[in-house]
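The figures that follow rest on heavy atoms only: side chains count, while hydrogens, waters and symmetry mates do not. By convention in this document, chain letters (A, B, ...) are assigned in the order of the sequence lines, proteins followed by strands, and residues within each chain are numbered from 1.
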Amino acid sequence: MDRYNFKSVEEKWQKLWKKEKVFSTKLDKTKKKFYCLEMFPYPSGKIHMGHVRNYTIGDVLARFKTLQGYNVLHPMGWDSFGMPAENAARQNNLDPKTWTELNIKTMRSQLKKLGLSIDWDKEISTCSEDYYKHQQKFFLELYDKGLVYRKENYVNWDPIDETVLANEQVVDGKGWRSGAIVERKKLNQWFFNISKFSEELLQGLETLDQWPNKVKVMQKNWIGKSFGCEVEFKVESEKPIESIKCYTTRPDTLFGFSFLALSVDHPLAKYYEDDRKFQDFRDECSKSGTTEESIASAEKLGFKTDMIAVNPLDKNMKVPVYFANFVLMDYGLGAVFGCPAHDQRDLDFAKKYNLKITAVVKPEKDKDFEINNEAYTGDGFLYNSNFLDGLKVPNESVVKTIEFLEKNNLGKKKINYRLKDWGISRQRYWGCPIPIAYDENDQPIKIPIEMLPVKLPEIDKLSSTGNPLDTENEWKYFILDGKKYRRETDTLDTFVDSSWYFLRFCSPYNTNHGFTQEEVDYWMPVDQYIGGVEHAILHLLYSRFFMQAISHKNETFKLKEPFNGLFTQGMVCHETYKDQNNKWLSPEEVSSEDGKKFFKKNNPLEKIIVGPTESMSKSKKNTIDPESIIKNYGADSVRLFILSDSPPEKDVQWSDQGMLASFRFVQKLWILNSKVLEKVRNTDETNEGENLTKFTNQLIYKVTQNLEKFHYNVIIANFYEMYNFLIKEIEKPIKKEILAENYKKILILMNPFIPHFSAECLSNINEEKINWPSISKEELVEEEINFVVQINGKKRAILKVNRGIDENSILDKIKLNIGTEKLLHNQKIKKTIFVSNRLINIIL
RNA sequence: GCCCUCGUGGUGAAAUUGGUAGACACAACGGACUUAAAAUCCGUGCCUUUUUGGAGUGCCAGUUCGAGUCUGGCCGAGGGCACCA
């Protein structure tokens, strides 16, 4: 018997699929559509196991839906703008474009070897002009709708590299490359007004019932809706300041008022700018503002002003006003009223500056209560609060206080959101140019549509400091209608690129517009989106915002939610290894005989320290290269393994043994295939085959159900069961038509998982047009069932009986059956619980 | 600190949603074939002296004829957010 030659079979089918354009899809309104999308990759160089897992999960679904008769859109593209290209360019003296295109070429061919059912004719790349010219149009469209604006904002500034750093590039307060201490610097930047849609984005989550709850909760917290009130405090001061407004969710604690605190960026700071001490204080605040740890552990600091604030509920209650480092300008109104008894930060602050601490909420109405080192934020009742005394905290007290404040013109009910506007300016070269220019007075103008796209200039060598576009004077300046203009030299955040690519996939050939409405109407929304949970907030929220922004003031575009279903897959993990010098080692550099003790391959005397299993990463060297695995075992085996061990939403541990087992399984399936073909050829006369038909029906049912639920690991187990069953069953007499018919169905069930193998075997039995097998529930019904007998709730026996047996017959059977009869010990039956076709519980 | 998720054999995990716990696979051990090894195939797996016995899904209670599954408390692991007023 010949071995299964995966190499020639896989090559053969991949060629055929390409030649016959099997996976290319067209708009076809007579067919139901299914849009299956996996998050497109960043072309970093080579594909990794995470990609293999992501795209295999998606491919299984796409092939399954195709077999079910859907018109399936399953495209692939490249998220190809971004910093690594610039870094690589600086290191290797290659321009970012060449580097990126080389990577795309490599990764495309690697993905093709996986045998994915991708419509490669629809491939897109965000760094191509064909793509980003449409993005520039969207930018201008949003500009016209008032959803884009410019304002000064703080950035992480690296003074050595003279560049802006992303938050994740700031390590311990220092620039990741230069090591310089990062400064806070104010720059003029472009923003998308995402917060305008806070409520819509929050409400929209309710409609996404095919999203993981976890992701929805994360987005909900990110948007951070809160109910409260704006309160106006009269101010006494030598300066021309009349009042200060604060936002609070706890107006009911106003009688615990002890100070008022402003952000150093508050507009009123202008009255103190000349004060040397205030300047020092502000500098101190901006220094500690960059790292997360410093924020968490920072001491509460304040700068006392000459202002005195008056409690709107009690004119005699006057408190000092501070600037404080813990008040943020970009939330609420940049000013808070301090109630130390019921807010921990306020308590810390009050203790430091010896401010009054008055408790106004107590947990129990009739008991005394005292505040020590912990603020009380729980439920209870108001006291020490004049006319508010006795109100129930929080609901009644908050509502009543707001009512009072509104009635007396002292405050206003207000809903606030934590969600901030999206800063989209990046001081980098390798991104989409912002289609804006500035006139001599620094006023922005839109680049006229006919001048789009604003192309990136070709740059011979990227300098190591500053924004590369800033020094491209030939590109930077241009004359329009006799006037000189200066281009915007910032480029767009790459998250903008990925916020609408799923629309582009619907009409990648449209050269005039980003998408064709008719095609978007047909294909969108994405029915199933698949990717890593690390994009739970930003990418997914930004994409949702884009739909809001495009449909805003738009009569034809109605879509609000881009992704109907979302699935977040787990990561691929591997053990980590270090040598005696604490250096990371890759799995290829170590060997082991017993799987417990590991040694260096080139030095078998050196012991290896085996570290914890972690997600594969280059820095820890615990990666397995998919290309060599595909080469050694074949795409089908890799696909099988990556799906077999763990449920797709959980992390999976890479295991060489597991990989080998999957490989052997495919070989065993090939042997089974040969046996089946031989059996079908021989001419035994028999009518047997009911067992096989029943088994196949059950398999169809299980596999279909599990596919809908993403329980792919269970399906692989179902296939092992199928093998174990059929390899024995084939030794018994079976009518050849029955065998052929059932076996064909089994091959189709396996098709989404091991498509090359399945296609090869199906072609051997001349099956070309294939459809997903269906069954009716009645076909699943077994005549003979296992019936469980419990005594006092414990399983005591299993009886083989006919379906539909009633309680009395089963009791008779128990009494007749020597053995089970003994179980009753001649005791009287107190009660029985009978579950039809399943069990009987006898209480003695 | 707040929010979310999860705890099942040596390991990865199944369990028709309250009804036979551990399917399927990896690893281990025993056996068959072989001169030998690899590959392949068969079998074993907690406790008790055999069994149609007992215990058993992180721990402690509860609901129920019946709990891995539901409720409350505790312990542990992972993830997200973090001066958001």
Side-chain angles (χ1 to χ4, degrees), chain A residues 212-222 224-226 228 246-251 253 261 289 292 295-298 300 324-328 330-339 342-346 348-349 374 377 416-420 533-534 536-537 594-596 641 644-647 649-653 655-662 664-665 667-668 671 701-702 705-706 711 713-724 727 780 786-798 817-823 830-835 838-843:
Chain A
N213 202 41
K214 177 172 64 170
V215 175
K216 287 194 280 187
V217 169
M218 281 162 76
Q219 293 211 357
K220 196 180 164 191
N221 293 340
W222 190 262
K225 184 178 187 174
S226 71
C246 294
Y247 173 74
T248 177
T249 55
R250 296 297 305 272
T253 61
E292 266 187 35
I295 290 171
S297 58
K300 307 277 174 286
N325 64 344
F326 64 91
V327 183
L328 307 168
D330 49 9
Y331 182 77
L333 298 163
V336 298
F337 92 82
C339 176
H342 306 292
D343 183 293
Q344 193 58 44
R345 291 155 307 175
D346 294 350
D348 295 346
F349 190 80
E374 252 178 67
T377 54
N416 235 329
Y417 301 89
R418 214 189 61 131
L419 182 64
K420 288 175 196 140
V533 73
E534 64 272 19
I537 296 174
D594 57 1
K596 284 169 197 155
F641 170 68
S644 67
D645 266 15
S646 297
E649 69 276 12
K650 283 177 83 173
D651 287 354
V652 62
Q653 181 164 10
S655 139
D656 291 335
Q657 281 90 355
M659 181 60 243
L660 193 61
S662 295
R664 284 185 191 142
F665 184 55
Q667 294 292 342
K668 280 154 85 173
I671 293 167
Y701 181 77
K702 282 195 241 177
Q705 292 290 306
N706 285 324
H711 292 179
N713 57 322
V714 185
I715 299 177
I716 309 296
N718 294 151
F719 291 154
Y720 275 100
E721 282 173 331
M722 178 279 297
Y723 172 84
N724 292 340
I727 199 76
L780 282 180
N786 290 329
F787 199 93
V788 174
V789 179
Q790 292 184 343
I791 308 287
N792 291 335
K794 295 213 163 118
K795 182 186 79 174
R796 282 295 122 99
I798 295 170
N817 194 325
I818 308 169
T820 47
E821 182 261 346
K822 264 199 220 162
L823 293 168
K830 280 189 196 150
K831 189 182 172 184
T832 56
I833 289 97
F834 179 78
V835 183
R838 187 154 285 163
L839 61 79
I840 186 165
N841 189 4
I842 300 168
I843 312 302

Answer with base, sugar-phosphate or nothing: what part of the nucleic acid does [X] contact at a heavy-atom distance below 4.0 Å?
| X | value |
| --- | --- |
| A/Q344 | nothing |
| A/V217 | sugar-phosphate |
| A/Q657 | sugar-phosphate |
| A/K650 | sugar-phosphate |
| A/L839 | base |
| A/N718 | nothing |
| A/Y247 | base |
| A/V652 | nothing |
| A/N724 | sugar-phosphate |
| A/K220 | nothing |
| A/S644 | nothing |

If the glycosidic angle sits within 90 degrees of zero it is syn, else anti. Tell me which applies to B/U17.
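For B/U17, whose glycosidic angle is within 90° of 0, the conformation is syn.
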For B/G9, does the O4'-C1'-N9-C4 or O4'-C1'-N1-C2 angle fall within 90° of 0, making it syn, or is it anti?
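Classified syn.
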If we take the [atom1] atom in both [N] and [M], what is their distance in whole Å?
| N | M | atom1 | result |
| --- | --- | --- | --- |
| B/C59 | B/G68 | C1' | 15 Å |
| B/C74 | B/G80 | P | 25 Å |
| B/A13 | B/G7 | C1' | 14 Å |
| B/G45 | B/U50 | P | 12 Å |
| B/C83 | B/G12 | C1' | 42 Å |
| B/U34 | B/U51 | P | 34 Å |
| B/U11 | B/U17 | P | 29 Å |
| B/A32 | B/A15 | C1' | 34 Å |

Kindly point out which of [options] is positioned nearest to the side chain of [X]?
| X | options | answer |
| --- | --- | --- |
| A/R418 | B/U20, B/C41, B/A82 | B/A82 |
| A/A661 | B/C26, B/A15, B/C65 | B/C26 |
| A/A717 | B/U20, B/A13, B/A23 | B/A23 |
| A/L328 | B/C84, B/A23, B/A25 | B/C84 |
| A/V714 | B/C24, B/A14, B/G53 | B/A14 |
| A/V788 | B/C83, B/C84, B/U20 | B/U20 |

Strictly by Watson-Crick or wobble contacts shorter than 3.5 Å, is anything paired with [N], and which nucleotide is it?
| N | answer |
| --- | --- |
| B/A27 | none |
| B/U40 | B/A32 |
| B/C6 | B/G76 |
| B/G1 | B/C81 |
| B/U20 | none |

Measure from [atom1] on [X] to [atom2] on [N] and round the result to the nearest Å.
| X | N | atom1 | atom2 | value |
| --- | --- | --- | --- | --- |
| A/K668 | B/A39 | NZ | P | 12 Å |
| A/I537 | B/C4 | CD1 | P | 15 Å |
| A/Y720 | B/C26 | OH | C1' | 9 Å |
| A/D348 | B/G1 | CG | C1' | 12 Å |
| A/N706 | B/C24 | CG | P | 15 Å |
| A/N221 | B/C4 | CG | C1' | 8 Å |
| A/Q667 | B/A38 | CD | C1' | 15 Å |
| A/Q790 | B/U20 | CD | P | 8 Å |

Closer than 4.0 Å, any side-chain N/O of [X] to the OP1 or OP2 of [N]?
| X | N | result |
| --- | --- | --- |
| A/K214 | B/U5 | no |
| A/K794 | B/A55 | yes |
| A/R838 | B/G18 | no |
| A/R345 | B/C84 | yes |
| A/S655 | B/C26 | no |
| A/R664 | B/U40 | yes |
| A/Y331 | B/A85 | yes |

Quiz item: A/K300 side-chain donor-acceptor pair to B/C83 base, under 3.5 Å:
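Counting by modelled atom types and ignoring angles, a donor-acceptor contact under 3.5 Å is found here.
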Report yes or no: does A/Q219 contribute a side-chain atom to a donor-acceptor pair with the main-chain N or O of A/A536 at less than 3.5 Å?
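Such a contact is found between A/Q219 side chain and A/A536 backbone.
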Is the backbone N or O of A/C339 less than 3.5 Å from a side-chain atom of A/D346, with the two atoms forming a donor-acceptor pair by type?
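Checked: pair present.
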Answer with yes or no whether the side chains of A/S226 and A/Y247 bring together a donor and an acceptor at under 3.5 Å.
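Indeed, the side chains of A/Y247 and A/S226 share at least one donor-acceptor pair under 3.5 Å.
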Considering heavy-atom distances to RNA chain B, does A/L419 or A/E649 have its closest nucleotide positioned more toward the 5' end?
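On the 5' side of the pair lies A/E649.
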Look at the aromatic rings of A/F349 and A/F326 and report parallel, tilted or perpendicular, splitting at 30° and 60°.
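Judged by the thresholds at 30° and 60°, the geometry between A/F349 and A/F326 is perpendicular.
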